[in-house]
Visitor: 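Structure in structure tokens, see below.
A, B, ... follow the sequence lines: proteins, then strands. Residue 1 opens every chain.
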Amino acid sequence: MILTVKLFGPAARIIGSPELHIPESGAALTCGTLRLAIARHYPQLAELIPSGRIAVNHSYASDEIVLTGGEEIALIHAVSGG
Amino acid sequence: MILTVKLFGPAARIIGSPELHIPESGAALTCGTLRLAIARHYPQLAELIPSGRIAVNHSYASDEIVLTGGEEIALIHAVSGG
Amino acid sequence: MNITVELRDGPLVGWSGPPEAHAGAVVRFEGIVRPQEDGRSISGLDYTAYEPMASRELKRLADSAMCDFDLQSITVLHSRGFVPVGRCSFILLIVAMHRRPALAAMDWFIDALKRDVPIWKHPVWVNTVKGL
Amino acid sequence: MNITVELRDGPLVGWSGPPEAHAGAVVRFEGIVRPQEDGRSISGLDYTAYEPMASRELKRLADSAMCDFDLQSITVLHSRGFVPVGRCSFILLIVAMHRRPALAAMDWFIDALKRDVPIWKHPVWVNTVKGL
């Protein structure tokens, strides 16, 4: 199974796509391990990960939140509105 | 000779007049000695004097400024605009 | 230098700022007469200004803000005379390249105005108006 | 609770705030698109919002400001899509009884917006538009 993560702004431009895909490892995936997995599969994004946040179903989620697979997941980084 | 000092706001209401009059003492009068003279001649205003400022010809004047008699003098206290 | 300072009779109405060239932040403050003073109902405030000192002090403070906060323009309008409750008696419009200096200038200017500008407000009590 | 939050397509125009009851301070901030980004000329900014999260976050921050700063109303409008240089992309209107909480709320809200609200701006370079 594959997890889809929406991308925006600089992250989307780096990857050249509005989303990226992470193969699930089998072990329980949390927002924290997802961040690590993104950095591993997409080294171009590694720099953004420490300051990036994961949104789950349109709310920020802390690292210990467990992902079950049906959620809408987004990597939110360097917003700049206003 | 008599010095006229314009009053506004609370000071004018306390005295019941838009100005007060201070007899000149003969000695050189400064803004500092004028403040003392106001407090002496108008004890009702004594409380306002420490935080009040003297304006000479429409500019704030410090205590050491000497008054020669022809100036427009005002006691400015507790402004509250805005 | 784009500085406007003006005292106007009565409430301030229908005023809009100058066009902004190369601005990043436009901040506008309006002071509205509140319905109470010291817990008592008022019908409005009566403003007395010592002129021309009040305008001169406003101009001096505006010059100072322009320079210290690197503003693009500053506009100050203040009422004199009677302003009823709910109406505007003070407008401060600040235009700057960035938000932070614009907001800092606004805070500084209003403090300085209350300290230095010889304008006094006098409450007109509701009962006074009715002659009670 | 008087809270308005809205994302609108393109530049924000002709908008005026709600009538103020018992207000003392009305502060309005407008963010205007500046002519340069990183020293290069742009024709405008293109805003992308992740919806409905952007609106939800704006609403959450507005709720929080209302409560923490004891505001009477807060109105937030933000553009999405293209906004040309010199046009308004963001309006924040805060109404409160007193000036200090109104200005403090404005400062807090804009910081929080830049931290939490998933809206991104992308410069449209002048040369890009001309195809060079």
Side-chain angles (χ1 to χ4, degrees), chain A residues 2-22 29-32 34-35 37-39 42 44-82, chain D residues 5-8 12 29-34 37-38 42 45-65 76-81 83 88-94 106-125 128:
Chain A
I2 303 271
L3 219 70
T4 297
V5 178
K6 289 181 179 286
L7 299 176
F8 301 90
R13 278 191 295 280
I14 288 170
I15 299 298
S17 164
E19 54 187 42
L20 55 74
H21 306 282
I22 301 286
L29 192 68
T30 66
C31 289
L34 174 62
R35 284 150 53 93
I38 294 171
Y42 296 87
Q44 321 94 293
L45 295 181
E47 261 187 48
L48 307 186
I49 296 302
S51 60
R53 284 184 283 177
I54 300 295
V56 177
N57 293 334
H58 297 272
S59 293
Y60 289 111
S62 52
D63 277 355
E64 69 276 14
I65 298 293
V66 174
L67 299 168
T68 59
E71 304 92 343
E72 179 168 322
I73 300 170
L75 173 64
I76 309 287
H77 174 265
V79 300
S80 58
Chain D
V5 164
E6 208 178 309
L7 294 189
R8 291 193 185 171
L12 303 173
F29 177 91
E30 295 187 9
I32 311 292
V33 174
R34 287 185 285 260
E37 282 273 313
D38 302 326
I42 62 171
L45 291 172
D46 196 37
Y47 290 92
T48 307
Y50 176 34
E51 281 283 65
M53 185 175 176
S55 292
R56 278 192 205 168
E57 286 292 306
L58 286 173
K59 179 71 169 56
R60 180 179 68 79
L61 297 177
D63 286 344
S64 185
V76 188
L77 305 183
H78 201 300
S79 292
R80 61 186 162 194
V83 180
C88 179
S89 63
F90 173 61
I91 293 176
L92 174 59
L93 181 91
I94 288 178
M106 182 156 279
D107 209 35
W108 177 86
F109 190 93
I110 299 175
D111 280 342
L113 180 150
K114 287 176 180 289
R115 185 189 63 223
D116 287 345
V117 180
I119 298 177
W120 292 265
K121 63 183 180 194
H122 189 55
V124 178
W125 308 111
T128 305

Visitor: Donor-acceptor pair, D/Tyr50 side chain versus A/Leu7 backbone, under 3.5 Å?
Guide: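 Not confirmed, D/Tyr50 side chain does not pair with A/Leu7 backbone.
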Visitor: Has A/Glu72 got more than 12 heavy atoms of other residues, nucleotides or ligands less than 6.0 Å from its CD?
Guide: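 Counting neighbours around CD of A/Glu72, more than 12 heavy atoms of other residues, nucleotides or ligands fall under 6.0 Å, so yes.
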Visitor: Starting at OH of A/Tyr60, measure out to CG of D/Asp116 and round the result to the nearest 0.5 Å.
Guide: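 It comes to 5.0 Å.
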Visitor: Which pair of heavy atoms, one from A/His58 and one from D/Glu51, lies closest together, and at what distance?
Guide: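 Reported closest heavy-atom pair: CE1-O, 3.3 Å.
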Visitor: Less than 4.5 Å to any heavy atom of chain A: does that hold for the side chain of D/Glu57, its backbone, both, or neither?
Guide: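 For D/Glu57, the contact with chain A is made by the side chain alone.
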Visitor: Under the side chain to side chain contact (heavy atoms under 4.5 Å, CB included) criterion, do A/Arg13 and D/His122 qualify, and how do the steps go?
Guide: CA-CA 10 Å; A/Arg13 278 191 295 280; D/His122 189 55; 3.1 Å; yes
Visitor: For the pair D/Met53 and A/Asn57, evaluate side chain to side chain contact (heavy atoms under 4.5 Å, CB included) and give the outcome as yes or no after the intermediate values.
Guide: CA-CA 8 Å; D/Met53 185 175 176; A/Asn57 293 334; over 6 Å; no
